Q: 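Sharing a structure with you now.
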Amino acid sequence: MFSKRTLRSALGGSGVALLAAAAAVVSLTIPSAQAAGTPLRDLAAAKGVYMGTALMQNELTGTSGSIAAAQFDSVTPGNEMKWESVEPTRGTYNWGPADQIVAFAQAHDMQVRGHNLVWHSQLPNWLTSGSFSNGDLHAIMIKHVTDEVTHFKGEVVHWDVVNEPFNEDGTFRSDLWYNQLGSSYIADALTAAHAADPGAKLYINDYNIEGQNAKSNAMYNLVKSLKAQGVPIDGVGFQAHFILGQVPSDFKANLQRFADLGVDVAVTELDVRMQLPSDATKLQQQAADYTTVMNDCLGVSRCKGVTVWGFTDATSWVPSTFPGQGAATPYDENYQPKPAYTAIQTALGGTTTTPPTTPPTTPPTTPPTTPPGGSGCAVTYGVNQWNTGFTANITVRNGGSAAVDGWTLKWTQSSGTQTVTQAWNATVTRSGTGYTATNLSYNAAIPAGGSTSFGFNADWSGANPAPAGFTLNGAACSVS
Ligand code: G2I
């Protein structure tokens with residue numbers, strides 16, 4: 001399967017120019033930026049979940065944009081959909097920054113998680129200091145929810161409609177909304193959002209509700225009551241801003257009890273912060289924490305996906321909010337993957353790209369013979385492409401009756417310039433329009449009826465057409 005992604009027409013000429021300008025920067029930095037192994041988004045898709053990241057407007061280009069597009073298939077705008085960003089003046093909307101993020105997501109075949117519609121924080125001054133009557137405030141809230149959901153109708157898959165409605169003790173947070181409108185503001189916001197885009201999945205989102213405690217009990221009772229009243233609530237978002245070593249042991253059980261109410265669940269803002277400086281021991285603990293969270297979500301069938309709250313320590317919110325703490329995300333400040341990245345990859349079913357230290361000692365049981373030809377070899381070619389690069393994952397199946405011992409797969413791409421920057425489970429080279437992939441010592445054998453997989457990252461410019469003419473040890477392969 002070869003999917004060719006084109007820029008969304010709505011991006012317009014200036015957006016294309018912006019991305020083209022970014023390409024020049026990216027080509028200098030990308031070779032070391034992409035992690036080895038199958039990208040998280042492809043692994044997640046194979047598991048039936050999404051893997052998301054928060055992203056801010058200034059992260060759409062360069063290394064951050066390339067990594068985000070390659071690794072994640074869901075984007076949550078970090079700030080750009082919040083009330084102060086989209087409605088800085090009453091009734092006057094500034095959609096630009098959020099629209100750019102949505103266009104980026106669409107250009108890279110990513111979902112958008114809308115964040116957020118009604119929250120106590122990041123509200124514009126006109127709203128917080130307006131001294132509105134209860135009736136006016138209610139009308140303002142409904143209009144804002146309606147207008148924003150309508151603007152992004154069909155483009156936002158999941159909405160955090162209400163964010164952080166609870167105190168730690170399970171009482172409702174004393175904010176503008178609860179103080180003036182009472183707890184019914186939650187049902188009213190959900191109802192307005194549903195009317196504006198009946199196809200969007202509507203969530204309530206909060207932090208410190210990952211374990212079973214007073215706050216999560218309050219959320220549980222709220223969701224139960226909303227469901228009983230027929231209010232359109234589709235899911236609960238668990239932010240998951242964790243401290244090193246403190247992922248609650250009952251997270252999975254807690255996710256499951258919400259799922260049992262008949263709603264979806266998602267991990268929406270995952271990070272694991274530590275006291276700086278980080279060291280190898282802390283990074284291993286952090287990797288273990290990420291593993292726990294991934295497995296907790298994957299262990300609950302209604303858990304739809306995991307979003308990290310920024311994928312890189314370079315832009316994480318943590319250090320400015322918790323002085324002395326940080327290193328909370330899966331990539332370091334230089335955009336290099338950390339053990340936490342590998343932990344996510346492994347939890348999603350990815351295999352380590354480090355060859356085994358001991359090569360297999362058992363020789364193939366069937367002696368090597370002439371390689372299969374024609375329909376005896378079948379290639380599956382999957383690609384995740386963005387504007388300056390792509391990740392290819394290739395599976396070669398030996399449909400013949402004899403084992404292959406030692407393989408070379410060749411193919412061509414008829415035009416464009418592609419530069420292989422990294423490969424895993426094979427050596428991949430390119431010369432002219434031709435590619436050659438050869439086995440490594442540990443995966444030389446492909447038994448009859450068996451298959452082997454490898455992949456590579458590459459930069460491209462000009463054109464990046466579908467590959468053709470696959471041959472395995474000189475014999476033609478079918479391609480799907
Ligand atoms: O605080 C972490 C997250 C907790 N859950 C809700 C999320 O929406 C929240 O995100 C953070 C953003 O990551 C920060 O980037 O929300 C913060 C505000 O509560 C955001 O920080 C703000 C800074 O405080 C402002 O000074 C800055 O102007 O970001 C603004 C825009 O860059």
Side-chain angles (χ1 to χ4, degrees), residues 52-61 64 68 72 74-88 94-102 112-128 144-145 148 152 156 158-168 173 175-178 186 189 202-210 215-216 219 235-244 246-247 265-274 293 305-331 333:
T53 183
L55 211 54
M56 294 179 287
Q57 186 193 12
N58 60 5
E59 296 182 291
L60 302 180
T61 57
S64 55
F72 300 95
S74 176
V75 174
T76 306
N79 289 300
E80 294 74 2
M81 287 187 176
K82 292 172 181 174
W83 201 314
E84 70 174 5
S85 300
V86 299
E87 197 182 359
N94 173 28
W95 304 117
D99 281 349
Q100 277 191 32
I101 295 179
V102 171
V112 177
R113 192 174 178 99
H115 175 83
N116 55 59
L117 298 170
V118 183
W119 189 25
H120 67 88
S121 180
Q122 290 182 281
L123 297 171
N125 281 337
W126 67 264
L127 181 56
T128 50
H144 177 83
V145 169
E148 182 156 0
F152 294 110
V156 166
H158 309 97
W159 267 114
D160 291 332
V161 176
V162 175
N163 197 38
E164 304 174 359
F166 288 111
N167 293 316
E168 299 304 291
R173 183 187 290 273
D175 63 9
L176 182 67
W177 310 111
Y178 179 72
I186 296 171
L202 307 182
Y203 280 62
I204 306 176
N205 191 49
D206 215 327
Y207 60 90
N208 288 352
I209 57 165
E210 294 78 19
K215 193 173 185 178
S216 67
M219 180 68 91
V236 176
F238 297 76
Q239 292 187 7
H241 292 294
F242 290 125
I243 295 168
L244 192 68
Q246 295 187 23
V247 178
V265 294
V267 178
T268 53
E269 304 184 13
L270 174 62
D271 48 28
V272 179
R273 62 184 182 267
M274 62 183 71
V293 175
V306 175
T307 296
V308 291
W309 202 244
F311 68 84
T312 165
D313 294 340
T315 59
S316 167
W317 68 292
V318 168
S320 62
T321 305
F322 301 98
Q325 298 183 51
T329 78
Y331 282 73
E333 292 183 342

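What's counted below: heavy atoms across the whole structure, side chains too, no hydrogens, waters or symmetry copies. Both counts, for ligands and for their atoms, begin at 1 and track the order of listing. What you are looking at is a predicted structure, and each value in this text was computed from that prediction instead of being measured.
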Q: Measure across His241 and Arg273 and return the closest heavy-atom pair with its distance rounded to 0.1 Å.
A: O-NH1, 3.9 Å
Q: Hey, which residues fall under 4.0 Å of ligand 1 on heavy atoms?
A: Asn79, Lys82, His115, Trp119, Ser121, Gln122, Asn163, Glu164, Gln239, His241, Glu269, Trp309, Trp317
Q: Would you find a donor on one side and an acceptor on the other, under 3.5 Å apart, between the side chain of Ser216 and the backbone of Glu210?
A: no
Q: Given the rule in the side-chain hydrogen bond (donor to acceptor under 3.5 Å, both in side chains) test, do Asn205 and Glu269 qualify, once you have shown the distances and angles that lead to the verdict?
A: CA-CA 10 Å; Asn205 191 49; Glu269 304 184 13; 3.1 Å; yes
Q: Under 3.5 Å, is there a donor-acceptor pair between the Thr329 and Asp313 side chains?
A: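 Judged by distance alone, the side chains do pair up.
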Q: Under the rule for side chain to side chain contact (heavy atoms under 4.5 Å, CB included), what residues qualify as partners of Asn79, not counting sequence neighbours?
A: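 By the side chain to side chain contact (heavy atoms under 4.5 Å, CB included) rule, Asn79 matches Met56, Lys82, Gln122.
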Q: Counting N and O atoms only, with roles assigned by atom type, does the side chain of Glu87 sit under 3.5 Å from a partner on the main chain of Ser85, one being a donor and the other an acceptor?
A: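 No; zero donor-acceptor contacts below 3.5 Å.
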